**Q** 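Here it is: the structure, laid out below.
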Amino acid sequence: MPVPEAGRAPATQAPAPPAPAPATIPALPHTVTAYYVLLDDGGSNGVRFGCNDSLVGMDSVAPDSDPLPAAIGALLQGTGGAGMPGPGAGQGREMYNALADSGLKFLSGSFDGTTVTVYLAGALSLGGVCDIPRVEAQLTQTAVAAVGAIRAEIYVNGQPLKEALRQD
């Protein structure tokens, strides 16, 4: 048996303290990006497209952790216009949502690693011919960005978006 050195108490092993309860980390809010339009912006604040407009992403907090329905839902619920300041808001710039007057709802969606597919139902209401590229750009870019897809296929009431947007 070892002899303790002078002035030192013999080594004893104290019982291990009880393990602390696992800390619960509050769920972080998920953010999604929905894409809106700056009218006649010419690409100054985003990607230029259509009728000399800019496509600009806006982040919002999503209640749903699944990014595709959350992003499309944010876009379909976004009103555009008043209350949605865009870049250069101090200059009276407001975002426009070409889908604001439409009564669309997200039915389902999928992502195969390359293509995101979105199924919507309801009525599409366009404000004129310039809303055709706006709706297409807003839906496509929002869906692609939500899941990191390369391309999007969007269906409205079972029809491809291009057919649903045709104004015969």
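Computed from a prediction, not measured in an experiment: that's the story for all the values here.
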**Q** Any luck finding a side-chain donor-acceptor pair between Asp101 and Ser125 under 3.5 Å?
**A** no
**Q** Any luck finding a side-chain donor-acceptor pair between Thr115 and Arg151 under 3.5 Å?
**A** yes
**Q** Using a strict 4.0 Å threshold on nitrogen-to-oxygen distance, state whether Asp53 and Arg134 make a salt bridge.
**A** yes
**Q** Got Ile150 and Val116 here, is their nearest side-chain heavy-atom distance under 4.5 Å?
**A** no
**Q** Please determine whether residues Leu68 and Tyr119 belong to a single hydrophobic cluster, defined as Ile, Leu, Val, Met, Phe, Trp and Tyr linked transitively by side-chain heavy-atom distances below 4.5 Å.
**A** no
**Q** Taking the side chain as every heavy atom from C-beta outward, state whether Leu161 and Tyr155 have any pair of such atoms under 4.5 Å apart.
**A** no
**Q** Same cluster for Leu165 and Tyr36 if Ile/Leu/Val/Met/Phe/Trp/Tyr side chains link at under 4.5 Å?
**A** yes
**Q** Find out whether Gln138 and Leu75 are in side-chain contact, i.e. whether some heavy atom of one side chain is under 4.5 Å from a heavy atom of the other.
**A** yes
**Q** Taking atom CG of Asn45 and atom CE of Met95, what is their separation to the nearest 0.5 Å?
**A** 8.5 Å
**Q** Drop me the distance from Thr33's OG1 to Gln141's CD, to the nearest 0.5 angstrom.
**A** 9.5 Å
**Q** Any side-chain heavy-atom pair from Val32 and Asp59 closer than 4.5 angstrom?
**A** no
**Q** With heavy-atom distances below 4.5 Å as the criterion, would you say the side chains of Phe111 and Val144 are in contact?
**A** no
**Q** For the CG atom of Asn97 and the OG atom of Ser102, what is their distance to the nearest 0.5 Å?
**A** 8.5 Å
**Q** Using only atom types and a distance under 3.5 Å, with no angle test, would you say the side chain of Thr142 pairs donor to acceptor with the backbone of Leu139?
**A** no
**Q** When rounded to the nearest 0.5 angstrom, what distance separates CG in Asp66 from NE2 in His30?
**A** 9.5 Å
**Q** For the residue pair Val135 and Leu99, establish whether any side-chain heavy-atom pair is separated by less than 4.5 Å.
**A** yes
